[in-house]
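Starting from 1, each residue takes its place in the sequence as its number. The figures that follow rest on heavy atoms only: side chains count, while hydrogens, waters and symmetry mates do not.
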Amino acid sequence: MKRIYIVRHGQTYINRYHKMQGWCDTPLTDKGIAGADQAGEILKDIPFDIALSSDVKRASDTCDIIVKHNVNHDEIQHIATPFFREHFYGYFEGMDIDAAWQMIGGPHGYQNHSDLFKNEPIDTIKNWIKDADPFHDAENAQEYWQRLDKGFKLISQLDGAENILLVTHGFTIRSIADRYGDFAITEDPGNASVTVMNMTEQKMKVVSYNKTKI
């Protein structure tokens, strides 16, 4: 069995400014760096065999900070891959979060992010993001999961890797917890929070979601 410790990257400036952030990127804030250090301390005694992250800098930087704390820090290889990037929001990248979600949910009777996520399946929301994008560049659910599934296939092929660090993004962690767990996902996981998934040849199961300790 593989045990995957999934961490959301630390706070960025776009997070701080309450804007949509998918494939666009900004650096970690001081708070974000501190959060990554805190996650590193939480996970320091887990003997990671390998570390993976989104190839977006905020996730890659968070991963490197966590690895520095780890008992195996001298031996851990870090693989950064686009497979575990955040959902691509297309036209909405960098837009004020409230304005973006009003444009996405408004045609379906939702004026805010909270009501939308309380009442609609997360993959339906992905499809609505693409529908609302005037350029239709945003990913829909099928495009998103085709990409993520390549990442999980990569993990499944990591022979001998039992304890795995994976640093990715809020909407992605929420999506994974919804598909492979039984958790309320109405709110984003916190920056630098830890979610745990078990992977066997038969199935994947999220066993812990959005925690600040393990």
Side-chain angles (χ1 to χ4, degrees), residues 1-9 20-23 39 50-56 58-59 62-63 79-90 92 97 100-101 104-105 108 110 113-133 138-158 161-212 214:
M1 184 185 77
K2 298 181 185 297
R3 194 164 180 87
I4 308 168
Y5 295 81
I6 308 173
V7 180
R8 185 183 176 193
H9 62 80
M20 298 287 275
Q21 186 174 220
W23 288 11
I50 197 164
L52 293 91
S53 74
S54 159
D55 65 343
V56 178
R58 63 188 184 271
T62 298
C63 186
I79 299 174
T81 169
F83 297 153
F84 288 110
R85 283 185 188 177
E86 181 60 292
H87 182 95
F88 181 45
Y89 295 115
F92 303 105
I97 283 178
W101 285 115
I104 294 162
H108 308 280
Y110 297 102
H113 167 274
S114 180
D115 288 345
L116 182 59
F117 277 84
K118 285 178 181 176
N119 292 285
E120 298 294 341
I122 198 165
D123 282 350
T124 296
I125 296 170
K126 291 183 179 72
N127 292 336
W128 287 354
I129 294 169
K130 189 177 187 75
D131 291 344
D133 179 350
E139 289 179 309
N140 61 22
Q142 181 180 5
E143 292 164 336
Y144 174 83
W145 284 114
Q146 282 178 345
R147 177 168 60 83
L148 262 288
D149 286 344
K150 291 177 182 177
F152 287 123
K153 183 178 180 179
L154 171 65
I155 290 176
S156 73
Q157 295 172 338
L158 294 172
E162 295 182 356
N163 291 305
I164 298 166
L165 172 65
L166 171 60
V167 181
T168 182
H169 306 270
F171 194 36
T172 288
I173 295 170
R174 189 190 289 195
S175 298
I176 292 168
D178 178 71
R179 175 174 268 200
Y180 298 112
D182 301 303
F183 298 92
I185 56 159
T186 53
E187 299 295 333
D188 258 337
N191 289 110
S193 64
V194 180
T195 294
V196 180
M197 168 186 274
N198 292 336
M199 174 187 284
T200 66
E201 292 183 1
Q202 291 75 33
K203 68 176 183 178
M204 296 187 290
K205 179 70 174 178
V206 175
V207 296
S208 176
Y209 175 64
N210 189 27
K211 300 295 185 181
T212 55
I214 57 172

Original post:
Closest heavy-atom contact between Phe152 and Met199?
Top reply: O-CE, 3.8 Å
Original post:
So how far is it from Lys203 NZ to Met1 CE, rounded to the nearest 0.5 Å?
Top reply: 11.0 Å
Subject >> Distance in Å, Cys63 SG paired with Asp55 CG, rounded so as to fall on 0.5 Å steps >> reply: 12.0 Å
Subject >> Student check: side-chain heavy atoms of Arg179 and Ile122 closer than 4.5 Å >> reply: no
Subject >> Distance in Å, Ile4 CD1 paired with Asn163 CG, rounded so as to fall on 0.5 Å steps >> reply: 10.5 Å
**OP:** Compute both the distance and the angle, then confirm whether Arg174 meets the cation-pi test with Phe117: under 6.0 Å from the six-membered ring centre, within 45 degrees of the axis.
**Re:** yes
Original post:
To the nearest 0.5 Å, what is the distance between CG (Asp182) and NZ (Lys205)?
Top reply: 3.5 Å
Original post:
Got a second to check how far Lys126's NZ is from Trp145's CH2, nearest 0.5 Å?
Top reply: 5.5 Å
Subject >> Heavy-atom check, side chain of Ile125 versus side chain of Trp101, under 4.5 Å >> reply: yes
Original post:
Step by step, would you call Met197 with Ile173 a side-chain contact (heavy atoms from CB on, under 4.5 Å)?
Top reply: CA-CA 11 Å; Met197 168 186 274; Ile173 295 170; over 6 Å; no
Original post:
Met20 and Ile104: which non-hydrogen atoms are nearest, and at how many Å?
Top reply: CE-CD1, 4.4 Å
**OP:** Using the side chain to side chain contact (heavy atoms under 4.5 Å, CB included) rule, pick out the option among Arg85, His9, Glu86 that qualifies with Val56.
**Re:** Arg85
Subject >> Leu116/His108 under side-chain contact (heavy atoms from CB on, under 4.5 Å): CA gap, chis, key distance, verdict >> reply: CA-CA 9 Å; Leu116 182 59; His108 308 280; 5.8 Å; no
**OP:** Evaluate the side-chain proximity of Gln21 to His169: yes if any heavy-atom separation is below 4.5 Å, no if none is.
**Re:** no
**OP:** Mind checking the CD1-CD1 spacing from Ile6 to Ile164? Nearest 0.5 Å is all I need.
**Re:** 10.0 Å
**OP:** Could you tell me whether the side chain of Asp133 and the main chain of Ala138 form a donor-acceptor pair under 3.5 Å?
**Re:** yes
**OP:** Report yes if some heavy atom in the side chain of Lys2 is under 4.5 Å from a heavy atom in the side chain of Leu158; otherwise report no.
**Re:** yes
**OP:** Take the angle between the ring planes of Phe183 and Tyr209 and call it parallel below 30°, perpendicular above 60°, tilted in between.
**Re:** tilted
**OP:** Decide side-chain contact (heavy atoms from CB on, under 4.5 Å) for Ile129 and Tyr144; before the verdict, give the C-alpha distance in whole Å, the side-chain angles of both, and the deciding distance to 0.1 Å.
**Re:** CA-CA 12 Å; Ile129 294 169; Tyr144 174 83; over 6 Å; no
Original post:
Checking side-chain contact (heavy atoms from CB on, under 4.5 Å) for the pair Asp188/Arg8: CA distance, chi angles, key distance, verdict?
Top reply: CA-CA 10 Å; Asp188 258 337; Arg8 185 183 176 193; 4.2 Å; yes
Subject >> Heavy-atom pair of closest approach, residues Asn210 and Gly190 >> reply: OD1-N, 2.9 Å
**OP:** Ignoring hydrogens and angles, tell me if any N or O in the side chain of Ser208 forms a donor-acceptor pair with the backbone of Val196 under 3.5 Å.
**Re:** no
Original post:
Partners of Glu143 by salt bridge (charged side-chain N to carboxylate O under 4.0 Å, His left out), sequence neighbours excluded?
Top reply: Lys130
Original post:
Can you check whether Phe88 and Phe171 have ring centres sitting under 6.0 Å from each other?
Top reply: no
**OP:** Could you pull out the closest heavy-atom pair between Ala39 and Ala192, with the gap in Å?
**Re:** CB-O, 3.7 Å
Subject >> Residue pair Trp128 / Glu120: nearest heavy atoms and the distance that separates them >> reply: CH2-CD, 3.6 Å
Subject >> Gln142 atom CD, neighbour heavy-atom count above 12 within 6.0 Å >> reply: no
Subject >> Heavy-atom closest pair, residues Gly22 and Arg58 >> reply: O-NH2, 2.8 Å
Original post:
Do the non-hydrogen side-chain atoms of Tyr5 and Leu166 ever get within less than 4.5 Å of each other?
Top reply: no
**OP:** Would you indicate whether the side-chain heavy atoms of Phe83 and Leu52 approach each other to under 4.5 Å?
**Re:** no
